[in-house]
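Some notes on the structure that comes next.
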Amino acid sequence: MDKLTEATIYASSISWNFKDNEFKNLGTIRSTVTVRDLTLIATEQKTMSVNPNSQTVDGTTYTYCLSLEGSGNREYRSVKVPVSGESTIKVILMSSGSSERSLVVADKNGTQLATLSAGTSAKTEIYNYNGAAGYLYLYSAGSGINLYKIQVDSKSGSPEQPSEGTTVTNFNDLLSAISKTEKAGGGTVYVKGKLIECTDQIKLAASNAKVSIVGIQNSDGSFPVLDFAPFLNSYIGTSSGDGQVGIRITGSNYTIRNLIIQKAPDNGIQIKGSSAGNNTIEDCIVRYNNDAGLQITGGAYNNTIRFVYSYRNCDVYTLGGNADGFAPKLAAGKNNTFYGCYAWENSDDGWDSYDKTDGLTYDLKYEECATWNNGNSSVFTGEYDYKNGKPLDRNLLLVQLIMKQDSSFAANYENGKFLLPSGNFIKTSAGTISVAAWTGDKYDGNPNGFKYGSVNTTSACFRTVRNCLAFQHEKKGFDNNNSACSASFVNCVAFDNGYNYSIEPFTLTSFTNIIGFSGKSKDKLPSGFSVTTPSAEVQSSIRKKVASIVDKIVSDCERNKISEIFFDIYNY
């Protein structure tokens, strides 16, 4: 039995994996292209390419690489990497031939700072950079080298803004800068400050926009908040739709990074339509929105969601229904990926890929994702926090309505008394009702973790699930929801759910190292498959580690900090 490894926690981190859709679809690169602020520099004569090439390093398999070819310098066949002061650069690389080769690390002036060894087996090489914010260049002056992943970990925790791009500090300037950058054919808009009040929707509709919207970390380590509360105020007690989404992406090649999106009248972020492809949302928080935190729907394809944390989203008007943490559903397109994403304490499911008869969500990938305590109505009245000794969460819309109805509610809470007001005062799709009705028989939220489809979902739809965790759901941790998907499960953990695994109709292509314990009901699995129940000692170790990591995640989010955190509990 291997010892459980420690969690990996970075103060500020960004990475680029060449297996991600936005890279692997590039093929041969004949001119300079920028993806999420990583610039690949090539010319018609000095090309590079992204190719299938499978290598495993430290238990993780990388399926695509950037082939640098060789004879490179700062002007071509190189990678321009953004750095924010003192940083650790991690590169997974390998010689493309039978001999060891050297990857050059150079500064903006072309001065060589270091070389990283590329051997005949893939490995991780590290360079510690101690200079100012700006860019570094990676290239092979000799023969070809394959790069699989590049990661930059900031040690200062307070990255500065690189010199290129437009900086904004208010909503009107943000909209203006996005429009100008779209018309210019691409670029970066930097958002600076603690809180930006958003009075309307942010619409991202350009084709092949090549636009990045990036938050600049504040000196205290927090990131900017895009607060849609002024927009939400007009829709309390009414229905909402696409026009009330916070950030609505119907175009392609947008990146949103290092931002907190909250209190939108509908989804926090929505990616919708057959033209909405190759977008990236990473290192973001979506919370307190009046529908799902992030939705992908209506044919949107090749979108990558990385380290997005979605919590306490709740549609009060629909009695908790619809407000999932993540909603890749209603005929989402192909090749949508979630990596390092966490969903907790949303009023509906953690993840939901429900489909109707007018279109299917064919394939989804989930890796290093976790979900817990969704569909719990007591979260949204404040009762859950009260019982767990936490302060009243005044950001919750239902709590705000309760406080408006009973001016003594907050004071009673703080003095150790939890007393909900009586009477009908909550406007919903079921009429104006009481708190007791909202949390009781009227409540329409679903207490499930990963929900993989609906009765309309067939075996033609595939779910790839690797290194994923679900716990503390009243109904199901991993749920087929009457669907008949095909799926691959590798290294998953579930505990303290009604059913840990309820996927009986699935066609499984793999079901490897699947762990479960303390489920209230027996797992429902396809014939011939089983779940491993670990020893009491390992169960205790998993619980302790999960609790510690959850505390870190929640604490960071409450302080508007965004950390790339892994649970690392999947091998024992």
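These values consider heavy atoms only, across backbone and side chains, with no hydrogens, waters or symmetry-generated copies. Since this is a predicted model, take the numbers as computed values, not measurements.
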Assess the pair [X] and [Y]: is the distance between their ring centroids shorter than 6.0 Å?
| X | Y | value |
| --- | --- | --- |
| Y64 | F18 | no |
| F450 | Y366 | yes |
| F338 | F326 | yes |

* Minimum side-chain heavy-atom gap N302-N336 below 4.5 Å ->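 No, every pair of side-chain atoms sits at 4.5 Å or beyond.
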
* Report yes if some heavy atom in the side chain of T280 is under 4.5 Å from a heavy atom in the side chain of N303; otherwise report no. =>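 No, their side chains stay 4.5 Å or more apart.
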
* To do: Indicate the ring-plane relationship of F478 and F489, choosing parallel, tilted or perpendicular according to the 30° and 60° boundaries.
  =>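 Plane angle over 60°, so perpendicular.
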
* To do: Name the orientation class of the two ring planes belonging to F307 and Y339 (parallel below 30°, tilted from 30 to 60°, perpendicular beyond 60°).
  =>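 Ring orientation, 0 to 90° scale: perpendicular.
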
* Which residue pairs pass the side chain to side chain donor-acceptor pair (under 3.5 Å) test when at least one of the two sits in residues 197-215, sequence neighbours left out? ->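 Of all non-adjacent pairs touching residues 197-215, those that pass side chain to side chain donor-acceptor pair (under 3.5 Å) are N208-N253.
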
With [X] via side-chain contact (heavy atoms from CB on, under 4.5 Å) - residues at least two apart:
| X | result |
| --- | --- |
| D348 | D324, N446 |
| S378 | N376, E383, Y384 |
| Y148 | N53, Q55, Y62, C65, I92, M94, A122, N146 |
| A276 | I271, N279, A300 |

* Give every residue pair that meets the ring pair (Phe, Tyr, Trp, His ring centres under 6.0 Å) criterion with at least one member in residues 267-306, sequence neighbours excluded. =>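 Listed by first then second residue: Y288-Y311.
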
* Asked: Would you call D220 and K194 a salt bridge, taking side-chain N to carboxylate O under 4.0 Å as the test?
  ->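 Yes.
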
* Between R257 and D37, is there a side-chain N and carboxylate O pair less than 4.0 Å apart? ->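 A salt bridge is present here (some side-chain N lies under 4.0 Å from a carboxylate O).
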
Mind checking what makes salt bridge (charged side-chain N to carboxylate O under 4.0 Å, His left out) contact with [X], not counting sequence neighbours?
| X | answer |
| --- | --- |
| D355 | none |
| R36 | D20, E22, E282 |
| D283 | none |

* Donor-acceptor contact below 3.5 Å, side chain N289 vs main chain K263 ->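 Such a contact is found between N289 side chain and K263 backbone.
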
* Q270-D242 side chain donor-acceptor pair, cut-off 3.5 Å ->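 A donor-acceptor contact under 3.5 Å links the two side chains.
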
* Residue pairs passing the salt bridge (charged side-chain N to carboxylate O under 4.0 Å, His left out) test where at least one lies in residues 363-375, sequence neighbours excluded ->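 Residue pairs with at least one partner in residues 363-375: K19-E367.
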
* **Partner set under side chain to side chain donor-acceptor pair (under 3.5 Å) for Y254, not counting sequence neighbours** =>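 Only E182 meet the side chain to side chain donor-acceptor pair (under 3.5 Å) criterion with Y254.
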
* To do: Tell me, please, which residues at least two apart from D173 pass side chain to side chain donor-acceptor pair (under 3.5 Å).
  =>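 For D173, the residues satisfying side chain to side chain donor-acceptor pair (under 3.5 Å) (neighbours in sequence not counted) are N170.
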
